[in-house]
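Structure record follows, encoded as structure tokens.
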Amino acid sequence: MLENSITAHLSTVIGGQPHAGKTELLKYLSTFIPADEKVGVYEDNQEIHYRIINPNKKCVEFFVDEKVLYQDIIKAGLRHNIDWILLSESRGPEVLDLLNSLSTGAYCMTTMHLDDVKDMPDRMYNMLGTSNVTERFTNSIYKYIDLVVLVVCDKYEQRKIAQVGFLTRSNNCNECTIVYEDGEMTGKPIPKEISQRFRQYGIENPYG
């Protein structure tokens with residue numbers, strides 16, 4: 001289902017604690033981005049290695065340092081007609097620029113420190129670090145982020161997916177639908193808005 005989610009162009013956040021395998025999952029899922037779509041990789045330490053994992057695919061790499069911030073390179077990416085934004089880790093006010101980029105029609109994959117899928121919108125809200133934030137920002141999270149995955153690592157360094165949830169905004173209501181938790185499916189159906197996205201890309205059974 002996660003592989004199909006990228007094929008269906010669902011913007012994805014992968015959460016977890018340090019060393020849980022967030023970036024490794026992002027790297028694997030990046031192989032399902034269509035070859036004819038341009039990817040912008042945004043990072044401060046070279047970890048994603050998109051060009052190596054996906055040879056012959058379109059890619060523009062941007063690196064952050066003391067002079068060039070994430071906000072700067074995300075804005076710069078728009079001038080390159082980026083289809084996908086791969087942001088190595090969302091940790092600060094750059095999330096506002098990320099959402100603004102998604103509002104133009106781009107898609108994204110990013111990671112962040114997270115303990116529960118349902119906490120992701122609040123976590124992203126708190127990253128802004130300012131009180132001058134309106135309810136509109138939270139609504140944008142549910143509108144432009146589609147999929148949230150939580151990965152964990154136990155004391156034996158065994159990594160696994162702990163939660164999978166979909167974010168939707170419909171009829172002025174924000175909703176987080178958890179479809180997988182504690183090693184089993186929850187029985188909740190995939191939201192109709194997300195199901196429509198799957199069907200748009202010819203995927204009738206997201207779990208198939």
Side-chain angles (χ1 to χ4, degrees), residues 1-16 20-65 67-114 120 124 127 140-151 159 161 164-167 194 197-203 206:
M1 189 271 285
L2 298 181
E3 297 165 357
N4 282 330
S5 293
I6 303 306
T7 301
H9 294 71
L10 301 186
S11 289
T12 301
V13 171
I14 301 170
K22 301 184 296 296
T23 302
E24 292 304 309
L25 180 56
L26 185 153
K27 289 161 64 176
Y28 171 72
L29 292 178
S30 76
T31 63
F32 294 89
I33 295 176
D36 61 343
E37 297 183 1
K38 184 182 289 187
V39 172
V41 179
Y42 307 78
E43 53 190 344
D44 47 10
N45 294 308
Q46 196 165 13
E47 297 179 302
I48 297 177
H49 304 293
Y50 184 84
R51 291 184 185 275
I52 297 174
I53 299 171
N54 300 277
N56 303 319
K57 287 188 177 182
K58 299 178 181 179
C59 176
V60 181
E61 294 179 324
F62 301 89
F63 296 99
V64 175
D65 56 26
K67 297 180 180 179
V68 182
L69 305 177
Y70 271 117
Q71 295 97 310
D72 301 323
I73 60 174
I74 291 174
K75 292 176 181 177
L78 292 176
R79 295 194 292 271
H80 289 266
N81 296 317
I82 297 297
D83 297 300
W84 281 87
I85 296 170
L86 301 190
L87 179 61
S88 61
E89 183 179 2
S90 295
R91 61 170 75 99
E94 70 274 0
V95 293
L96 178 59
D97 298 289
L98 175 63
L99 288 179
N100 287 337
S101 296
L102 301 184
S103 70
T104 68
Y107 310 97
C108 83
M109 275 193 282
T110 186
T111 72
M112 68 172 59
H113 290 174
L114 198 63
M120 195 285 291
M124 188 172 282
M127 286 179 185
S140 294
I141 296 173
Y142 284 88
K143 183 176 181 180
Y144 297 118
I145 301 296
D146 306 300
L147 176 68
V148 186
V149 181
L150 181 71
V151 292
R159 294 168 170 174
I161 294 172
V164 178
F166 293 102
L167 300 187
I194 302 296
R197 292 279 295 279
F198 282 119
R199 287 195 293 271
Q200 178 183 344
Y201 289 91
I203 301 169

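What you see below is based on every heavy atom in this structure, not just the backbone, and it leaves out hydrogens, waters and symmetry mates.
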Residues in salt bridge (charged side-chain N to carboxylate O under 4.0 Å, His left out) with Arg159, at least two apart? none
Quick one: side chain to side chain contact (heavy atoms under 4.5 Å, CB included) partners of His80, sequence neighbours excluded? Val60, Phe62, Ile82
Any pair with a residue in residues 23-35 that passes salt bridge (Lys or Arg N to Asp or Glu O under 4.0 Å), sequence neighbours left out, goes on the list, sorted by first then second residue, please. Glu24-Lys27
Specify the closest pair of heavy atoms between Tyr50 and Val39, including all atoms of both residues, with the distance to one decimal. OH-CG2, 3.3 Å
Applying ring pair (Phe, Tyr, Trp, His ring centres under 6.0 Å), name anything that partners Tyr201, two or more places apart in sequence or on another chain. His9
Check Leu99, Thr110, Thr12 against Ile145 for a side-chain contact (heavy atoms from CB on, under 4.5 Å) and give me the one that passes. Leu99
Sub-4.5 Å side-chain heavy-atom contact between Lys22 and His113: yes
So with a 6.0 Å cut-off around CG of Asp36, is the heavy-atom count from everything else above 12? yes
Going by the rule side chain to side chain contact (heavy atoms under 4.5 Å, CB included), which residues pair with Thr7 if we only count those two or more places apart in sequence or in a different chain? Phe32, Ile203
Is it the case that the side chains of Asp146 and Ser5 hold a donor-acceptor pair, with the cut-off being a distance below 3.5 Å and no angle test? no
Of all heavy-atom pairs between Leu102 and Cys108, which one has the smallest distance, and what is that distance? CD2-CB, 3.7 Å
For residues 45-60, the salt bridge (Lys or Arg N to Asp or Glu O under 4.0 Å) pairs (sequence neighbours left out) are Arg51-Glu61
Are there over 12 heavy-atom neighbours, none belonging to Lys143, within less than 6.0 Å of that residue's NZ? no
Exam field: side chain Thr111 to backbone Ser88, donor-acceptor pair closer than 3.5 Å: yes
To the nearest 0.5 angstrom, please state how far the CG atom of Leu98 sits from the CG atom of Asn100. 9.0 Å
